[in-house]
Amino acid sequence: IFRSGSLTMGKAVREFEQVFAKKIGVKHAVMVNSGSSANLLALELLADQVSKQEGVKKEDLYVAVPAILWPTSIWPIIQAGFKALIIDTHPNSLEIDFEALIEAKKEMGTQLVGVVLIHPLGKALDLSKVIELKEHHGLFVIEDNCESLGAGNNNKFAGSIGQAASFSFYYSHHITTVEGGMVVTNSEESANALLSMRAHGWSRNRLDREEIELKFPEKDKNFLFVTSGYNFRPMEFQGALGISQLGKLDNFIEQRIANVTRINKALAGSNFKIIGADEATLGKSQSNEAGFVCHSWMAIPILYTGLTFSQSEIHSFMNAHGVATRPVLAGNFLEQPAGKHESIQTYKSVLNSTYTYEHSFMISNHHNLTDAQLRRIEETILKLISIGEEANVR
C-alpha cells in the first residue's frame with residue numbers, strides 16, 4: 001500500500017468494512033479514524049432524526065448512559081446537542097441497570113430519546129434486553145462496543161442490535177489498526193448518512209450517490225455536500241491491517257480467556273474477585289457455529305472486599321512490583337471534575353457505581369502476554385492478598 005501511493009481511504013478500507021460487517025452480522029460498516037469518532041457519528045444519526053421533528057429541540061432531550069464509562073461514551077451525547085442522563089450500574093458490576101433505565105423512560109417519556117449502552121470490558125450485555133429497549137420502549141439504541149469485540153449471546157454479536165454501534169481498533173484492543181474505529185448499522189439510510197458525515201458531508205462515497213446527483217444536476221458531482229460532516233477518514237494501511245487482524249480475532253480471544261482463567265484460579269478463596277468471571281465466561285463458551293463468546297476479556301477488572309487497603313495503596317503496591325494498574329474505565333464519571341458539566345444529570349442514585357469504582361482496579365489483559373508476565377501478575381496479587389490477610393488478623 002505504501003508503494004502504491006494510494007494512502008488515504010480506498011480499496012483496502014472498503015474491503016475491511018465488508019468483511020467486518022459480515023463477521024459481526026450487520027448490513028453496513030463504515031470505518032473511521034477512531035472508536036470515539038464512531039460514537040460521535042452514531043449520535044449524529046440520532047440528532048439528524050430529531051431535527052426532522054417539528055417543534056422538538058435537541059437541548060430539551062436526554063440520552064442515557066451508564067455511570068461507569070469512558071469519556072468518549074458521554075461527550076458525543078453533549079457534542080451532538082443532547083443532555084446526558086447518568087444511569088447506575090448493577091451492584092458489583094459494570095453493566096447498566098436496565099430496570100432503572102426502563103423506569104427512567106417511563107417517567108420521562110419523550111424527553112428520553114436514546115441510550116448509549118456500553119458492553120463493558122469484553123462482556124456482552126444481555127442482547128434480549130437490548131432488543132426490548134429498541135422495540136418495546138422506543139429508544140434509539142447505540143451500542144458502544146469499543147471494548148467487547150467478538151462477544152455476544154442469544155445467537156447475536158454485541159454491536160449488531162441497535163440502530164448503530166461503535167467499535168475501536170486502538171493499540172491495546174482486541175484487534176488493532178493502531179488508531180481506528182468502525183460504526184455499523186442495519187439501515188441503508190443511516191449508512192449513507194454515515195458515509196457522508198465521515199468525509200466532510202459530501203456525496204462521493206454514498207450508496208445512493210447517483211440518485212442524489214440526479215436531483216442536483218447543476219452541481220459538481222465531486223463536490224456535492226448533502227449533510228453535516230467531519231474529516232474522520234481512515235487510511236488505507238489501517239484497512240489492510242484490519243483485514244489481517246480480523247482473521248486472528250478468534251485466536252486472540254481464546255488467549256485472553258486463558259489468561260483470565262489462570263488469574264482467576266490464583267484468586268480463588270480470596271477477597272479479590274474478577275468482575276464477570278464465572279463458568280459461562282471462562283468455560284467452554286466458544287461457539288463454533290456463531291463464532292462468539294460471552295466475554296472477550298479486553299482487560300481484567302478486579303473487585304476487592306473486606307480489606308483495609310485504600311485504592312491508592314493497592315495501585316502503589318502493584319506498580320512497585322512491576323504490574324501496572326489503573327482504575328476501571330473512568331470510574332463513576334460524576335465524581336470526575338468533567339462530570340460536573342451542566343448538560344450531565346443523574347437519574348436517582350448511582351451508589352452501586354460509586355461502590356464498584358472505589359473497591360476495584362484493573363490490570364492489563366492482552367493476547368500477547370507472556371508466561372513470565374502472567375506469573376508476575378499472579379505472584380504480585382498473591383503477595384497483596386497475603387499482606388491483606390495478615391493485616392485483617394492483626
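Values below: all heavy atoms of this structure, side chains included; hydrogens, waters and symmetry mates excluded. FYI, the numbering just counts along the sequence from 1. Since we're looking at a predicted model, the values are computed, not measured.
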Worksheet, complete the sentence: Here the pair of heavy atoms bringing Ile161 nearest to Val130 is CG2-CG1, 3.6 Å
Worksheet item: Would you find a donor on one side and an acceptor on the other, under 3.5 Å apart, between the side chain of Lys83 and the backbone of Asp60?
Response: no
Item to complete: Determine whether Leu69 and Asp144 make a side-chain contact, defined as any pair of heavy atoms from C-beta on separated by less than 4.5 Å.
Response: no
Discussion item. Using the side chain to side chain donor-acceptor pair (under 3.5 Å) criterion, which residues pair with Glu103? Sequence neighbours excluded.
Written reply: Tyr347, Lys348
Discussion item. Holding to ring pair (Phe, Tyr, Trp, His ring centres under 6.0 Å), I want the full list of residues that pass it with Tyr357, two or more places apart in sequence or in another chain.
Written reply: none
Practice prompt. May I ask you to decide if Asp48's main-chain N or O and Ser51's side chain share a donor-acceptor pair within less than 3.5 Å?
Written response: yes
Worksheet item: Passes side-chain hydrogen bond (donor to acceptor under 3.5 Å, both in side chains), Thr72 versus Asn39? Steps please.
Response: CA-CA 7 Å; Thr72 49; Asn39 278 335; 4.6 Å; no
Worksheet item: Can you name the closest pair of heavy atoms from His28 and Glu188 and give their distance?
Response: NE2-CA, 3.6 Å
Worksheet entry | Presence of salt bridge, Lys215 and Asp208, under 4.0 angstrom | no
Worksheet item: Under a 4.5 Å cut-off applied to non-hydrogen side-chain atoms, are Met362 and Pro327 in contact?
Response: no
Worksheet entry | Minimal non-hydrogen separation, His321 against Thr380, with atom names | CB-CG2, 3.6 Å
Discussion item. Please tell me whether Trp75 and Leu45 are part of a single hydrophobic cluster in this structure, the criterion being side-chain heavy atoms less than 4.5 Å apart.
Written reply: yes
Worksheet entry | Glu210, CD: over 12 other non-hydrogen atoms inside 6.0 angstrom | no
Worksheet, complete the sentence: Those residues at least two apart in sequence (or on a different chain) that pass side-chain contact (heavy atoms from CB on, under 4.5 Å) with Glu313 are Phe309, Ser310
Discussion item. So, using ring pair (Phe, Tyr, Trp, His ring centres under 6.0 Å) as the criterion, who are the partners of His173 when residues are at least two apart?
Written reply: Tyr170
Discussion item. In the structure I gave you, are the side-chain heavy atoms of Cys146 and Ser166 within less than 4.5 Å of one another anywhere?
Written reply: yes
Worksheet item: Do the side chains of Gln163 and Ser187 get nearer than 4.5 Å, heavy atoms only?
Response: no
Worksheet entry | Nearest non-hydrogen partners of Gly159 and Val26, listed with the distance | O-CG1, 4.0 Å
Fill in: Test log, rule side-chain hydrogen bond (donor to acceptor under 3.5 Å, both in side chains), inputs Glu179 and Tyr171
CA-CA 7 Å; Glu179 294 280 3; Tyr171 177 71; over 6 Å; no
Worksheet item: More than 12 heavy atoms of other residues, nucleotides or ligands under 6.0 Å from CD of Gln336: is that the case?
Response: yes
Worksheet item: With sequence neighbours excluded, what pairs up with Asn251 under the side chain to side chain donor-acceptor pair (under 3.5 Å) test?
Response: none
Worksheet entry | Heavy-atom donor-acceptor pair, Glu107 side chain to Ala104 backbone, under 3.5 Å | no
Worksheet item: For His367, which residues count as a ring pair (Phe, Tyr, Trp, His ring centres under 6.0 Å) partner, sequence neighbours excluded?
Response: Phe252
Discussion item. For Phe225, give me all partners under ring pair (Phe, Tyr, Trp, His ring centres under 6.0 Å), at least two apart in sequence or on another chain.
Written reply: none
Under 3.5 Å, sequence neighbours excluded: what are the donor-acceptor pairs made by side chains of residues 216-223?
from, atom 1, to, atom 2, distance (Å)
Asp220, OD1, Asn222, N, 2.9
Asn222, OD1, Arg209, NH2, 3.0

Worksheet item: Is it the case that one hydrophobic cluster holds both Val116 and Phe167, taking links as side-chain heavy atoms less than 4.5 Å apart, direct or via other members?
Response: no
Discussion item. Under 4.0 Å between a side-chain nitrogen and a carboxylate oxygen: does that hold for Arg262 and Glu378?
Written reply: yes
Fill in: Which atom of Asn205 lies closest to which atom of Leu195, heavy atoms considered
O-CD1, 3.4 Å
Practice prompt. Compare all side-chain heavy atoms of Phe333 with those of Ile74 and state whether any distance is below 4.5 angstrom.
Written response: yes
Practice prompt. Would you check, one step at a time, whether the test side-chain hydrogen bond (donor to acceptor under 3.5 Å, both in side chains) holds for Ser296 with His174?
Written response: CA-CA 8 Å; Ser296 56; His174 293 88; 3.0 Å; yes
Item to complete: Would you check, one step at a time, whether the test salt bridge (charged side-chain N to carboxylate O under 4.0 Å, His left out) holds for Lys23 with Asp250?
Response: CA-CA 11 Å; Lys23 172 69 174 177; Asp250 291 346; 3.2 Å; yes
Fill in: Any residue meeting side chain to side chain donor-acceptor pair (under 3.5 Å) with Gln53, in chain and number order, not counting sequence neighbours
none
Fill in: Shortest non-hydrogen separation from Asn365 to Trp297 and the atoms involved
ND2-O, 2.9 Å
Practice prompt. Could you state whether Ile274 and Ile363 fall into the same hydrophobic cluster, counting links through intermediate Ile, Leu, Val, Met, Phe, Trp or Tyr residues with side-chain heavy atoms under 4.5 angstrom apart?
Written response: yes
Worksheet item: Does a salt bridge link Glu132 with Lys105, judged by any charged N lying under 4.0 Å from a carboxylate O?
Response: no
Worksheet item: Can you hop from Leu384 to Tyr304 via hydrophobic side chains spaced under 4.5 Å?
Response: yes
Discussion item. Can a side-chain donor-acceptor contact be found between Thr177 and Gln245 if the only test is distance below 3.5 angstrom?
Written reply: no
Worksheet, complete the sentence: In short, ring-ring contact (aromatic ring centres under 6.0 Å, His included) pairs touching residues 187-206 with sequence neighbours left out are His200-Trp202
Worksheet item: Does Glu236 reach the side chain of Ser4, with side-chain heavy atoms less than 4.5 Å apart?
Response: no
Worksheet item: Any side-chain heavy-atom pair from Thr305 and Phe272 closer than 4.5 angstrom?
Response: no
Worksheet item: Under 3.5 Å, is there a donor-acceptor pair between the side chain of Asn33 and the main chain of Pro234?
Response: no
Worksheet item: Do Ile275 and Thr356 have side-chain heavy atoms sitting under 4.5 Å apart?
Response: yes
Worksheet item: Would Glu189 and Lys52 count as a salt bridge (charged side-chain N to carboxylate O under 4.0 Å, His left out) if you check the C-alpha gap in whole Å, the side-chain angles of each, and the deciding distance to 0.1 Å?
Response: CA-CA 14 Å; Glu189 180 182 358; Lys52 297 174 183 176; 3.6 Å; yes
Item to complete: Report yes or no: do Ile142 and Val50 belong to one cluster of Ile/Leu/Val/Met/Phe/Trp/Tyr joined by side chain heavy-atom distances under 4.5 Å?
Response: yes
Fill in: Phe20 ring center near Phe169 ring center (under 6.0 Å)
yes
Worksheet item: Pairs in or reaching into residues 81-137: which pass ring-ring contact (aromatic ring centres under 6.0 Å, His included), with residues at least two apart or in two chains?
Response: none
Response to the item:
The side chain to side chain donor-acceptor pair (under 3.5 Å) partners of Asp88 (sequence neighbours excluded) come to Asn352, Ser353
